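Inspection log for the structure reproduced underneath, given as structure tokens.
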Amino acid sequence: DIQLTQSPSSLSASIGDTVTITCQASQDISNYLNWYQEKPGKAPKLLIYDAYNLETRVPSRFSGSGSGTDFTFTITSLQPEDIATYYCQHFDNPITFGQGTRLEIK
Amino acid sequence: EVQLVESGGGLVQPGRSLRLSCSASGFTFGDYAMSWFRQAPGKGLEWVGFIRSKTYGGSSEYAASVKGRFTISRDDSESIAYLQMNSLKTEDTAVYYCSRGRIIVIGRDAFDIWGQGTMVTVSS
């Protein structure tokens, strides 16, 4: 099974900051990585698919990059509504998620 | 509006069964694979299983933690996916979400629509 190691597990940043989260796969997964946002009490939301493709109606301050085993998720100009937990995810059998990164406002 | 609504959660004793439903609206349900995920209290997201669309055979896959105990089925005429959970354990306590799998390329989906979840508590 492919393991996804996400870091950091938690992050505190100020409004307007640029935030970066990394996700490392245990083996080469090409660009087959998605990113989700989960707010407390709400369903997860797809933000990025296939490493760098922005989902429809997702603000352009969210972006993704990487391929192979190393991936990066970035939020530029952090907004208050971005407070959430973010997960990377790979589609295989089994489908796997990173452990999540909890983002807080400093 | 494209929407998924889960139902059927509740409190159940260990060893008993429960069936969750996921009602879809706003899209052609039969064209999509449907997946179930869960999130235990204070924990991350965990995949439970999925069922392919009839176009791709309608077969299912399951996480090792639930294989042999949980079964996913679908009724395309009613736009409903089901998660039948048998022999429930305390560690199955979680919020259960259903999600639509949008095909990125054949054999690989992204989960673009999610329900709000239904809580399942397994306790004596």
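Values in this document were obtained by computation on a predicted structure and should not be read as measured data. By convention in this document, chain letters (A, B, ...) are assigned in the order of the sequence lines, proteins followed by strands, and residues within each chain are numbered from 1.
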*If you count heavy-atom pairs under 4.5 Å between each of A/Q99, A/E55, A/H90 and chain B, which one has the most?*
A/E55

*Do B/Y97 and A/P44 have side chains that get closer than 4.5 Å, going by heavy atoms?*
yes

*asked:* So for B/A63, is it side chain, backbone, both, or neither that comes closer than 4.5 Å to the heavy atoms of chain A?
replied: neither

*asked:* Contact between A/Q89 and B/W47 at the side-chain level, heavy atoms closer than 4.5 Å - yes or no?
replied: no

_Interface residues of residues 17-32 of chain A facing chain B - non-hydrogen atoms under 4.5 Å apart_ = A/Y32

_If I measure from the heavy atoms of chain A, does B/I104 come under 4.5 Å with its side chain, its backbone, both, or neither?_
side chain

*Does the side chain of B/D112 come within less than 4.5 Å of A/Y49's, by heavy atoms?*
no

_Which heavy atom of A/L46 sits nearest to which heavy atom of B/A110, and what is that distance?_
CD2-CB, 3.8 Å

*What residues of residues 60-83 of chain A sit under 4.5 Å from chain B when only non-hydrogen atoms are counted?*
none

*asked:* Suppose we call two aromatic rings close when their centres sit under 6.0 Å apart. Are A/F91 and B/F50 close by that rule?
replied: yes

*A/I95 and B/F111: which non-hydrogen atoms are nearest, and at how many Å?*
CD1-CZ, 3.5 Å

*Considering non-hydrogen atoms only, spot the tightest contact between B/W114 and A/A43 and give its length.*
CB-CB, 3.7 Å

_Residue pair B/R108, A/D92: steps toward the salt bridge (Lys or Arg N to Asp or Glu O under 4.0 Å) verdict_ = CA-CA 7 Å; B/R108 191 169 80 253; A/D92 201 335; over 6 Å; no

_Spatial distance of atom CZ (A/F97) from atom CD (B/Q39) [nearest 0.5 Å]_ = 9.5 Å

